[in-house]
Amino acid sequence: MSRRSLFGQDMTPQVRRYIGLAALAATVAAVSSILLLAISGWFLTAAALAGAAGAATAYGFNYLIPSAMIRLLAILRTVSRYGERLWSHQAALFAMAGLRGRLFARLVAQDNRNAPDLSGGDASARLIGDIAALEDLIVRRPTLPASMIGAATGVIIAAFAGWQAAVVLLALLVMLPTILRKLGTRLTRTPARDAAEALGKLRDRYVEYAAARAEIIAYGLADRVTLELNGIAAELDRANAQLFRGEGVIAAVLTIYTGGTAALVLMSATASAPRVALALLASVSAIEAMTAWARTALRQARVEEGLRRLASLERLPAAPFAPSTRGSQALALTIGDESVAPGTRIAITGQSGSGKTLLLESLAGWRTSVFELSLGDRRVTDIPSATIRDQIALSPQDAPMIAGSIADNLRVARSGVDANAMWQALRIACLDQRILTAPEGLDTMLGEGGGILSGGELKRLSLARALLAERPWLLLDEPTEGLDSKTEALLIERLRAWLEESGTGLVLVSHRQAPLTLSERMLAIGVVPRRQLVFPANAMRPPAQQDGESE
Amino acid sequence: MISDKRIHGFWMLDAAGAAVFALGVAYGVSALVAVQRPEWPAMVALLLGPILRGVGILGVHWTAIDEAQRVAGGWRERLFPGLLGRRTNKPLLAGESATLAIDHIASVEAYIARFRPARVSAMIGPLIIAAITAIASWVSALIMLGTMLPFAIGMILAGTAARRASERQLSALEKLSGLFVDRVRNLPLIRHYGAEERIGRQVSGAAREVAERTIVVLRAAFLSGAVLEFFAALAVALIAVYCGFALLGMLPFTPPEHLTLERAFFALAMAPEFYLPMRRLAAAYHEKQLGEAALQTLEQALPEVPSTLSSVARFDGLVVKDLTIDWPGVRIRPLTFDVAQHDLVALTGPTGSGKTSTLAAIAGQVGDIDGCVTTAGGGALDAADIAWAAQRPLLLPGTLGENIGLAVPDASETEIVMVAERVGLGEVMASRGGLALAIDHRGSGLSGGERRRIGLARALLSGRPLLLCDEPTADLDADSAAGIIALLVEIARERAVLMATHDPALVAAARLEVAL
């Protein structure tokens, strides 16, 4: 996907207007900058000649227009630069706001079973970085045409010193963007990629070690671990240093290029001194106007990477939105050869690591199924995700929460749910007392990692959320972990009443004994046949596969 | 600082290059007026000046990144062991710790590589340029310096406005930008419950709000840019007008200096250079803000932890008396209990109640606690007497044998095989290449239970008399859990074992349950 079409849809009239204004302001800034210096030079030289010719000539010299021009240009340059910066940022910010919205809409419309995995910190950080790189691209977009117009102005002014000077300047200006692009690619492509890779690796490894901190302290392994991390940090440093020095090289090349240009223009100039002064300073400023290209050249590698990744997300199919419905006709489950009628309560048993969580998640359409599972008369793998989610509410093992209030999290399951229903669900999950005493009740904010709630409490909040969804099947993964046995018994009693009253079916996974009393029958996971799947490169993989993967 | 001096030198080279170039321009133009002068010195100067500048720029870049990475490396040398391997006041979340040790250090690196050289340039650059200009025209130099005062006042005013605007908006902005990341991370949940439309609207709304609020901040921030731009242009314009009128002989006062075209042109060509260092500084403003904030945080990241270094006593049992923890989110009431020399004690409580923190406090890994932790004889506990079996044990890239032997690098292969078999890793070794089994840092190919057994084997091999276990049976199936419980019971016949758990079967096997 080209840069054009990725932005194309973002170009609201508002954004287009801002880009236009910014380009106009940038042009005025570039031209007035060149004129300011050029006219100053011409004025000085002409004044010197007039002054040398005697008082009469001096008084005949029209100094009013050039000196007024100089002052006007100074003000014009200031104002237009301000406008350029403001408008170009305005364009970029609004364009990116649009892109974020559209990107999210596209991502959220994907099927959990084959959507790209963006849950990890690195993946989401990268997405944010890509969007920021793109924003940078839009910010600098108006400066590129402006620098061309500035350069053209420089060439026209240089023509006052003779056509040879103009031709020389034109040739040098035309060559410059290509030189910068080639040099930029050479200097930054590999280190930019290496730096991103090393940073991801360092973060990954560091988090792993931070989690094992207690052992590192106990056995005095700090030096060993530091050595390991420093090895990766050295790779990162090497790549970053190359990038930074690359910037220096580009800046130095640009400076030397300016000098060469000035010398060549001076050499090829044929006109009188004031005109040569005009041309000389105009050429220097014209090269300076092209510095925008140097910045573009330096960031090009990163922007291209980002664009490629964003474009791959844009290529995801755009599915029409299918609102979920409550109260769908309940379908029967088939797990392996076992048929489970609607409203039945079963427990899946098996050793840890045998894939019970995997089975629940497969059933809920969170991942591609490796088990033989059917919903109604069709295999789960063949059913559209909208059908699955009308049937099933899963409370996952890790109880994910969105940043927001408790009520925000409950509303995820059912928008427009009222406070009464929320409290009722919280009561069943034995969390109502806890939330009542929380500082702001339902509006208490959950920060990153759950905030004030403990792991067990988050789990029960997740249960309450699943209850609110009111789907024919409830899937619970270790719902009572971390509960004392009294509260556990109360929760089970309330949940049983709710399940019976609503006729909801239950598929349960629990290491603890008490919740298993909810189930009418047990199903050993060992008897569920598995299929060997070939995973497409981009698909979400089951943990077993992920673990087997090395970097 | 040595590198600051070198950067000084390179900026001087840059300024000298600028002067040579200006000389070339001035000479070249005036040579055209006075026909008898040759043009080649101008050519040489026009080429030589930029080469000097180029060398200066390269020198600055090379020196700055070396210095920045040296400092960053120094921070890593302190923070990696400090955060990962030493006693701290409070334990940090892994994410927080990574932010400190990776992101903040990166901000410091950018600060030193970009802002510090710009600051050096801003401090010496304008004065050097003015001094060089004064040789040709001291009035022009005065004009340059004269614009500095209103410039400084303007910057202060604009800067204050910008700071006020950003302070008002910043926290709201951070929260709103975080929303997008959060919702992207929770996509599976949002899809599962069909909340696309509502959350989508929320995300779009927040994105628009971020844009609108950011513009308010930028509008103020760009004002200081405009002030800089204005005075840079003003300096050029004033010098051009002054020199022009002086050359015309039309100044309303007697010119205080004798100007020639060459001198005037030189002053004009130097005028844009005067404000260049300020522009460099302005370009590094973002790095300055991030870097200073990061430095401040880093300096507080490793507070002095009061060391309890008294002479240690031989381990003859553990006595915990009135141990109290009071951190935000974790509160442990005063705990008092004993662990005999050969004993099995369970520390129980719901998830998040602070079991791991209590273990860490007993192991002397956190400082911010009250109460006494001693040996039975009342002496100080020796850190080298404490083994730790983690819920998710540390794995370093290497072999299985190396990983088991981490705490005892000189252990013989026989010893390692013995403990490995004792904790039930025999089957893994038999089927997957014995102690030479290659292990990466993720523990690819190992189950949670196998990983936990490696941690136990490591603890056993260390031969330390007190074993602290963090959730030894969590997430294990009944069979595996029973195996671990039996093993712990056996170990408790020869050592003191204190374990954090909420597994009733494990609690039942313990002599004593300490409930948090």
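Chain A is the first sequence line, chain B the second, and so forth, proteins listed ahead of strands; every chain is numbered from 1. Just the heavy atoms: all of them, side chains too, but no hydrogens, waters or symmetry mates, feed the values below.
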Could you tell me whether a side-chain N or O of [X] sits under 3.5 Å from a main-chain N or O of [Y], the two making a donor and an acceptor?
X	Y	answer
B:D182	A:A403	yes
B:Q69	A:D237	yes
A:Y82	B:R219	yes
A:N112	B:P188	yes
B:D470	B:A389	no
B:R191	A:Q110	yes

Please classify the contact of [X] with chain A as side chain, backbone, both or neither, using a heavy-atom distance under 4.5 Å.
X	answer
B:E109	side chain
B:E39	side chain
B:F21	side chain
B:R183	both
B:A98	both
B:S97	both
B:R458	both
B:A459	both

Heavy-atom side-chain contact between B:D14 and B:V55 under 4.5 Å
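With C-beta onward as the side chain, the pair stays apart.
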With a 4.5 angstrom heavy-atom cut-off, is it the side chain or the backbone of [X] that approaches chain B, or both, or neither?
X	value
A:I39	neither
A:I392	both
A:I256	both
A:E228	side chain
A:R77	both
A:R465	both
A:L266	both
A:V253	neither
A:A466	both
A:Q513	neither

Mind checking whether B:F80 and A:Y206 have ring centres under 6.0 Å apart?
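When the ring centroids of B:F80 and A:Y206 are compared, they turn out to be within the sub-6.0 Å range.
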